[in-house]
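This structure is a prediction, so every number in the text was calculated from the model and none was measured. Letters A, B, ... mirror the listed sequences (proteins, then strands); counts begin at 1.
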Amino acid sequence: MRFALKRHSVLPGFGLTLGYTLLYLSLIVLLPLSALFFKSAELSMAEFWSTVTNPRVVASYKLTFGASLIAATINAVFGFAVAWTLVRYRFPGRRLLDAIVDLPFALPTAVSGIALTAIYSQHGWIGQYLEPWGVKVAFTPLGITLALTFIGLPFVVRTLQPALQDLDRETEEAAAILGANRFQTFTRVIIPVVLPALLTGFALAFARAIGEYGSVVFISGNMPMRTEIASLLIISKLEQHDTAGATAIALVMLLSSFVLLAAINGLQWYAGRRHHGLS
Amino acid sequence: MSVEVAHITKTFGEFRALNDVSLRIRQGELVALLGPSGSGKTTLLRILAGLEVPDDGSGGVSFHEEVVTNQPVGKRQVGFVFQHYALFRHMSVFENIAFPLRVRPRRQRPSFEEIRRRVMELLELVQLSGVGKRYPSQLSGGQRQRVALARALAVEPRVLLLDEPFGALDAQVRQELRGWLRRLHQEIHVTSVLVTHDQEEALEVADRVVVMNAGRIEQDGTPEQVFHQPASEFVMRFLGQVNVFHGRVHKGRASFEDMAFDYPHYPHDQEQRATVYMRPHELDIHRSSNGVPSLAARVERLNPAGSSAKVVLRTQQGQDLLVDMPLERFRQLGLAPGEEVFVVAKAARVFVPDIAPEYMI
Amino acid sequence: MGTASLSHEASADGATAFRVTRVVTDERPWARWLLIGVTVTFLSLFLVVPLAAVFAEAFRKGLGAYLASFRDPNALAAIRLTLLTAAIAVPANLVFGVAAAWCIAKFEFRGKSLLISLIDIPFAVSPVVSGLIYMLLFGMQGWFGPWLAERGIQVIFAVPGIVLATIFVTFPFVARELIPLMQEQGTEEEQAAVSLGASGWQTFRRVTLPNIKWALLYGVILSNARAMGEFGAVSVVSGHIRGKTNTMPLHVEILYNEYNFVAAFAVASLLALLALATLVLKTLVEWQMQRQVTEALELREET
């Protein structure tokens with residue numbers, strides 16, 4: 001067999017476009033990212049380890065991952081209800097609502113951050129009603145979770161919508177004819193089919209939350225050990241000209257994002273293959 | 001020669017799509033490349049168009065004695081009609097057909113008026129004068145097919161290539177378009193090559209049929225030749241229905257089941273395996289054997305719905321046998337299921353390994 | 001038959017469409033209205049209230065105070081820098097996106113799926129880390145920083161760094177929209193154009209571009225929104241020099257931290273308007289794409 005890098009095609013421009021793509025990708029993405037790995041390699045293993053296991057750093061990781069996990073879980077539940085309502089029902093204002101779902105995505109994170117802080121602070125529109133109950137949102141982990149829920153919502157809804165749209169109504173009808181009640185149909189027919197999409201949406205929201213900075217930094221209060229997220233810690237290390245420390249914390253975050261990304265890809269591959277095998 | 005293909009081989013990875021294929025097509029001929037999927041017919045067509053290139057070191061393609069193997073597709077002046085038409089969905093019918101004229105280098109580009117005149121002419125040729133302003137999505141399948149053809153003809157092609165041109169259409173439109181394509185070809189007489197897996201289509205439309213299998217040409221001949229004098233068992237099986245029996249030849253006789261007949265082409269003493277093919281319409285049913293070579297069988301099923309009657313029988317060794325007879329003869333016989341009868345062959349073909357096939361009885 | 005009845009509804013584009021109401025697979029009315037109620041309440045409380053708050057806070061001290069916020073030269077400089085950044089980053093990623101989609105969708109070659117994954121990387125990198133990696137390249141302790149500084153070129157804490165970080169975070173948007181669409185559209189139309197004598201550029205401009213224009217616009221809208229609104233990555237490389245390296249989101253932060261809330265929310269309200277415009281445009285383009293997909297399906301359907 002002859003080794004061929006590319007299958008013959010009559011269309012022009014392959015060399016030019018691939019060359020440009022690789023060059024641009026290398027300069028903008030690969031080279032800067034490799035700098036992160038090389039820079040952290042300058043640290044000895046012991047230095048690296050003591051940086052990332054510093055109690056303040058560990059507390060920030062716990063907070064970041066914990067709040068992100070809770071936010072993604074809330075989004076999975078409410079996102080499902082929103083996606084289901086938008087796909088299945090027709091009611092006045094549906095199209096408007098559908099468009100608004102993307103607001104957290106379109107609104108610059110700094111704007112979301114100050115707006116959420118204004119609403120949930122002690123005297124804010126919503127905060128003032130929570131205050132008498134002893135519920136403090138702004139400058140607490142609860143506020144961080146709230147902000148992360150806000151920015152993660154579109155990911156779950158937008159991933160679920162196409163999956164719910166593709167749901168074959170005839171299988172549901174078949175389930176009904178075979179004697180399943182609505183709840184059984186839901187748990188045994190609908191959920192298994194849309195589960196890959198739900199998990200993908202969950203993972204996307206989770207990944208986005210881990211790295212989020214702008215919407216959190218205002219509402220969190222940034223108290224070390226209590227409400228300091230990992231992204232903020234990187235910035236304060238940089239401000240103290242501790243580039244190596246910032247790099248070490250960043251590397252841990254980057255690797256965890258890559259693991260999540262790989263999980264998402266694996267999930268999609270699995271779902272695609274299963275779907276393919278059925279048809 | 002209008003088109004000449006010499007010793008072309010084409011491999012995709014491990015798969016050999018074409019294996020040393022050669023073909024010559026005369027000016028104005030309409031040739032059908034016929035074969036099952038994976039036989040290499042579409043690959044050959046795409047190589048003619050320049051959409052694929054043959055393997056390095058294998059032969060080449062020439063149009064009118066001019067070697068075009070390395071000529072880019074846009075310079076070859078071929079008309080190509082794609083299987084799914086590949087109409088530009090954002091352009092009107094008029095713009096689709098005008099496209100090849102508009103993309104010519106400025107010096108060769110016809111004037112605005114000239115383009116308009118040519119497109120109108122082509123629309124008239126394909127009998128779609130009224131639809132120039134419409135978009136592909138507003139047309140029926142048959143209309144789209146004709147627009148694709150008009151667009152291909154706007155190139156003023158030296159060769160017109162059609163990839164399964166009727167594949168995506170339903171049976172009735174298909175039938176209509178076949179007759180229409182045949183008439184169009186007589187009118188414009190451009191050398192044409194058509195790829196199809198439908199034997200009926202190939203036999204009806206083409207001047208010449210090239211039967212392909214596993215990357216090779218099995219037979220190249222007129223529709224009559226490939227149907228009545230198949231060069232191989234593959235062609236025999238691929239064109240039309242057949243009844244197949246495994247038997248043997250020996251000293252000038254061929255035999256299978258309880259039937260034997262003279263076969264002078266194999267005079268040897270050594271007995272050999274042979275395969276006997278009989279087309280359903282070349283069989284007849286008799287109530288008695290009358291000493292003619294015949295096969296005893298029982299009537300299983302009768303189906304007179306159609307232009308001929310189909311009778312399914314079962315031989316004594318349990319093999320199904322299909323007979324196709326004129327309705328008149330069917331009514332005259334008055335067969336009933338379960339009846340024991342004798343099947344007489346008007347013709348049979350015997351294939352002995354390593355010996356050229358012969359037409360018998 | 002007993003399970004389905006035809007009801008008639010008018011769709012938004014004025015055409016009418018038939019919708020099959022399936023009795024078996026629809027929830028009971030009370031359940032349906034409960035779900036709708038929860039969704040509407042949740043979305044309005046959660047999404048609409050923050051948006052309203054931005055404008056309420058901006059106008060808290062009246063129109064005069066609001067407008068006065070924009071007389072600050074630093075605010076104007078921030079607006080100019082934001083526009084400049086987007087004007088460089090979006091076209092750069094547009095060209096890249098088209099080139100990448102062309103080679104990926106129209107050709108078969110080894111390593112293609114790896115390339116697609118690599119293009120997605122910037123989405124997996126958090127904003128702060130995105131800024132950090134450019135620090136590591138161009139900062140004073142970075143690989144190229146000292147070398148560039150000797151020649152009087154400053155990247156970090158200057159406009160080039162802001163532009164680079166913005167290009168990084170908006171890198172995949174256009175390519176991501178185009179690649180699946182162009183893969184799905186296949187190469188038949190392009191092959192037809194080439195076989196009809198069109199040159200490479202003619203094929204792209206007359207056949208490919210009209211087929212991808214809405215997706216292209218969609219990618220541009222999304223990357224523009226992100227480019228103008230990016231905070232984390234830009235925050236790391238900007239250095240927060242007022243009137244020089246502050247983009248609008250950074251300027252909002254500074255004003256907010258100085259307790260100058262009206263001015264902060266006034267600048268934020270411009271960004272909120274940008275977000276609303278993005279949503280409107282995005283929805284309009286989505287409708288167009290939907291229409292195109294429907295037409296393509298009709299075209300492909302066998303008649």
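By number of non-hydrogen pairs under 4.5 angstrom with chain C, the leading residue of A:L97, A:T109, A:I114 is A:I114. The greatest number of non-hydrogen atom pairs below 4.5 Å with chain A, out of C:W201, C:F261, C:F168, is found for C:F168. In terms of heavy-atom pairs under 4.5 Å with chain C, the best-connected choice from A:L204, A:L16, A:I249, A:I100 is A:I100. When each of C:L35, C:I36, C:L43 is scored by its heavy-atom pairs under 4.5 Å with chain A, the top score falls to C:I36. Heavy-atom pairs under 4.5 Å with chain C peak, among A:G214, A:A35, A:G124, A:A246, at A:A35. Between chain A and the residues C:I221, C:T283, C:I167, the most heavy-atom pairs under 4.5 angstrom are made by C:I167. Taking A:L116, A:L22, A:L153 one by one and counting their heavy-atom pairs under 4.5 Å with chain C, the maximum is reached by A:L153. Most heavy-atom pairs under 4.5 Å with chain A: of the set C:V38, C:N93, C:L276, this distinction falls to C:N93. Counting heavy-atom pairs under 4.5 Å between each of C:L137, C:V236, C:N257 and chain A puts C:L137 at the top. Your options are C:A101, C:S126, C:C103, and the one with the most heavy-atom pairs under 4.5 Å with chain A is C:C103.
Between C:V54 and A:A115, the closest heavy-atom pair is CG2-CB, 3.6 Å. Between C:A275 and A:A106 the shortest heavy-atom distance is CB-O, 3.5 Å. Here the closest heavy-atom approach between residue C:K106 and residue A:S9 is recorded as O-OG, 4.4 Å. Considering every non-hydrogen atom in both C:V95 and A:Y20, the closest pair reads CG1-CE2, 3.9 Å. Considering every non-hydrogen atom in both A:Y213 and C:G232, the closest pair reads CD2-CA, 3.5 Å. Between C:T39 and A:A81, the closest heavy-atom pair is OG1-O, 3.7 Å.
The part of C:E57 that comes within reach of chain A is its side chain, from C-beta onward, which places non-hydrogen atoms under 4.5 angstrom from that chain. Contacts between C:M228 and chain A at a heavy-atom distance below 4.5 Å are absent for every atom of the residue. Residue contact with chain A, scored on non-hydrogen atoms closer than 4.5 Å, involves the side chain of C:K282 exclusively. Proximity to chain A is limited to the side chain of C:F144, based on heavy atoms less than 4.5 angstrom apart. Residue contact with chain C, scored on non-hydrogen atoms closer than 4.5 Å, involves the backbone and the side chain of A:L11 alike. For a residue to count as touching a neighbouring chain, one of its non-hydrogen atoms must lie under 4.5 Å from one of that chain's; by this rule A:T149 touches chain C with backbone and side chain alike. Within the 4.5 angstrom heavy-atom criterion, atoms from both the backbone and the side chain of C:L47 approach chain A. Both the backbone and the side chain of A:A99 come within contact range of chain C, with heavy atoms under 4.5 Å apart. Interface residue A:L25: backbone and side-chain heavy atoms are both found under 4.5 Å from chain C. Interface residue C:V49: backbone and side-chain heavy atoms are both found under 4.5 Å from chain A. Residue contact with chain A, scored on non-hydrogen atoms closer than 4.5 Å, involves the side chain of C:L164 exclusively. Using a 4.5 Å cut-off between heavy atoms, C:V252 touches chain A through its side chain atoms alone. At a 4.5 Å heavy-atom cutoff, the contact between A:I119 and chain C is made by side-chain atoms alone. For a residue to count as touching a neighbouring chain, one of its non-hydrogen atoms must lie under 4.5 Å from one of that chain's; by this rule C:S235 touches chain A with the side chain only. Looking at C:A52, the atoms closer than 4.5 Å to chain A (heavy atoms on both sides) sit in the backbone and in the side chain alike. Looking at C:L250, neither its backbone nor its side chain comes within 4.5 Å of chain A, counting heavy atoms on both sides. Using a 4.5 Å cut-off between heavy atoms, A:V101 contacts chain C through both its backbone and its side chain. If you measure heavy-atom distances from A:T247 to chain C, the contacts under 4.5 Å come from both the backbone and the side chain.
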Inset, instruction - Determine, stepwise, if the pair A:I235 / C:L132 fulfils side chain to side chain contact (heavy atoms under 4.5 Å, CB included). - result: CA-CA 9 Å; A:I235 290 204; C:L132 173 69; over 6 Å; no
Inset, instruction - Evaluate side chain to side chain contact (heavy atoms under 4.5 Å, CB included) for C:L115 paired with A:L18, printing each intermediate quantity in order. - result: CA-CA 10 Å; C:L115 182 59; A:L18 183 68; 3.8 Å; yes
Inset, instruction - Would you check, one step at a time, whether the test side chain to side chain contact (heavy atoms under 4.5 Å, CB included) holds for C:M135 with A:L238? - result: CA-CA 9 Å; C:M135 280 288 271; A:L238 278 177; 4.1 Å; yes
Inset, instruction - Take A:F258 and C:I121 through the side chain to side chain contact (heavy atoms under 4.5 Å, CB included) test and state the conclusion after the steps. - result: CA-CA 8 Å; A:F258 281 171; C:I121 282 186; 4.2 Å; yes
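Summarising the geometry, atom CD1 belonging to C:I133 is positioned 10.0 Å from atom CD1 belonging to A:I28; distances are rounded to the nearest 0.5 Å. Atoms CD1 and OG1, from C:I104 and A:T21 in turn, are 6.5 Å apart once rounded to the nearest 0.5 Å. Taken from CZ in C:F123 to CD1 in A:I264, the straight-line distance is 12.0 Å, to the nearest 0.5 Å. For the atom pair CZ of C:R32 and CZ of A:R90, the computed distance is 11.5 Å after rounding to the nearest 0.5 Å.
A perpendicular orientation is assigned to the rings of A:F218 and C:Y256, their planes being inclined by more than 60° (bins at 30° and 60°).
Between C:F171 and A:Y24, the closest side-chain pair of non-hydrogen atoms falls below 4.5 Å. Proximity of A:E212 to C:F231: side-chain heavy atoms (C-beta onward) are nowhere separated by under 4.5 Å. C:T278 has its side chain out of reach of A:D102: every pair of non-hydrogen atoms, C-beta onward, lies at least 4.5 Å apart. Residues A:F91 and C:V40 have side chains in contact (heavy-atom distance under 4.5 Å, counting atoms from C-beta outward). The closest side-chain heavy-atom distance from C:F46 to A:L146 is below 4.5 Å. Side-chain contact between C:P122 and A:V29 is present, with at least one heavy-atom pair separated by less than 4.5 Å. With contacts defined as side-chain heavy-atom distances shorter than 4.5 Å, the pair A:Y89/C:W33 does not qualify. Between C:Q191 and A:V10 there is a side-chain heavy-atom pair separated by less than 4.5 Å.
In the displayed structure, A:F37 atom CZ is contacted under 6.0 Å by more than 12 heavy atoms of other residues, nucleotides or ligands. Atom NE2 of A:H241 is surrounded by 12 or fewer heavy atoms from other residues, nucleotides or ligands within 6.0 Å.
The main-chain N or O of C:A124 is found under 3.5 Å from a side-chain atom of A:S257 such that the two form a donor-acceptor pair.
Each of A:F150, A:F80, A:F78 was checked for a ring pair (Phe, Tyr, Trp, His ring centres under 6.0 Å) with C:F42, and the lone residue meeting it is A:F78.
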